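In this chain, residues are counted from 1 in sequence order. Please read these numbers as outputs of a predicted model, since none were measured by experiment. As the structure lists them, so they are numbered: ligands from 1, and atoms in each ligand from 1.
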Amino acid sequence: MSKNIFKNDKFKKTRGGYSRMLSVCCAKCNEHICDYQKDGPGNLRRMYFDRIFKPKVSVSKKDLSCSKGHILGVKIIYDKENRPAFRLFVDSVKKKIIKSK
Ligand SMILES: [Zn+2]
């Protein structure tokens, strides 16, 4: 049996209880940024800090950017859940589903 790599908490439950693990890359230069657990349906518009896995770039700055300096998003606090996240710019990243559950 493979290990469940997904986080399972109230945030996931409020989004329907299923998730996909995405490989997230810079859309301009294809650099791998991180893996990301996307909970529930819909487009990837925010990346919550607690769902970012194996980041290849700094996530402690106020912008999210790849190592070549392409800016992908800005840090926000998602009000409804008081949860820090990066709000992604439209078409700034490419993503590929690695795993779903
Ligand atoms: Zn880039």
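In this structure, Asn43 contributes its side chain and Arg45 its backbone to no donor-acceptor pair below 3.5 Å.
Applying the salt bridge (charged side-chain N to carboxylate O under 4.0 Å, His left out) definition to pairs two or more places apart or across chains, those involving residues 14-26 are Arg15-Glu81. Sorted by first and then second residue, the salt bridge (charged side-chain N to carboxylate O under 4.0 Å, His left out) pairs involving residues 54-78 (not counting sequence neighbours) are Asp35-Lys54. Residue pairs meeting the side chain to side chain donor-acceptor pair (under 3.5 Å) criterion with at least one partner in residues 87-98, sequence neighbours excluded, are Asn30-Lys94.
Tally of protein N, O or S atoms closer to the Zn ion (ligand 1) than 2.8 Å: 4.
Taking the six-membered ring wherever Trp is involved, the centroid distance between the rings of Tyr48 and Tyr36 does not fall below 6.0 Å.
Salt-bridge annotation for Asp50 and Lys7: absent, with no side-chain N of the basic residue lying under 4.0 Å from a carboxylate O of the acidic one.
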